[in-house]
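The structure displayed is predicted, hence computed values, not measured ones. Below, each value reflects all heavy atoms present in this structure, side chains not excepted, and no hydrogens, waters or symmetry copies.
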Amino acid sequence: MLCQRCKKNQATVIYEETINGEKFGYHLCQNCYAEMFGAFSSSVNNDILAGLFGQSTRRRARTCPVCGTSYSDFERTGLLGCASCYDVFKDELMPYIERIQGKVVHVGKVGQDVREQDLTRKLSRLQEDLEKAVRERRYSDAELINSRISEVRKKIAESGEGSNE
């Protein structure tokens, strides 16, 4: 079967992933796989090569002091035992996290700064107050709340323009 990406070379790797419960499979050649996910390596091949040259690739297996999970447990199951595992296996996990998420730094749900988040929360509360005032037929209060909503929306628009520059 030909590689589904380049359509030139023979596919030697089947890459499968599950997204929202649906399985997707890709037949890739070794070059396309390396371009997409990094160099193809096998611990078996590395051990054989190291054995030929008299070197040992086996390192002492580290385990999490809190839950006892080893890195080989993570490789086998894809699950970590506790939050401490992220600190213990940080060096090994960072390449995976970066490849999956694109970044290793959390930027927040929508990437807003604190001021923008406060304004968004304030706008939400004011809209709830406005709905309540209208339901209770307090139209003069509703008018004041509506003017405050306009002010907050204007501030949000101004802060959004400033961050794009």
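Not counting sequence neighbours, the partners of E136 by the salt bridge (charged side-chain N to carboxylate O under 4.0 Å, His left out) test are R138. Residues that satisfy the side chain to side chain contact (heavy atoms under 4.5 Å, CB included) test with K90, not counting sequence neighbours, are M94. Listed by chain and residue number, nothing satisfies the side chain to side chain contact (heavy atoms under 4.5 Å, CB included) test with E151 (two or more places apart in sequence, or in another chain).
Between R121 and D118, at least one side-chain N (NZ, or NE/NH1/NH2) sits under 4.0 Å from a carboxylate O, which counts as a salt bridge.
Between L2 and N9, the closest side-chain pair of non-hydrogen atoms is not below 4.5 Å. Counting only heavy atoms from C-beta outward, the side chains of V88 and T63 never approach each other to under 4.5 Å. When side chains are defined from C-beta on, C67 does not count as touching S84, because their heavy atoms never get closer than 4.5 Å.
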Run the numbers on L80 and L93 for side-chain contact (heavy atoms from CB on, under 4.5 Å), then give the verdict.
-> CA-CA 10 Å; L80 294 172; L93 293 174; 3.7 Å; yes
Go through the steps to decide whether F74 and L79 satisfy the test side-chain contact (heavy atoms from CB on, under 4.5 Å), and finish with yes or no.
-> CA-CA 5 Å; F74 166 72; L79 301 172; 5.9 Å; no
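Aromatic ring pairs are classed by plane angle as parallel below 30°, tilted from 30° to 60° and perpendicular above 60°; the pair Y71 and F89 is tilted.
Note on V134 and I145: same hydrophobic cluster, where clusters join Ile, Leu, Val, Met, Phe, Trp and Tyr whose side-chain heavy atoms are under 4.5 Å apart, directly or indirectly.
Scanning both residues, C64 and C82, for their nearest heavy atoms gives SG-SG, 3.6 Å.
In this structure, D73 contributes its side chain and S70 its backbone to a donor-acceptor pair below 3.5 Å.
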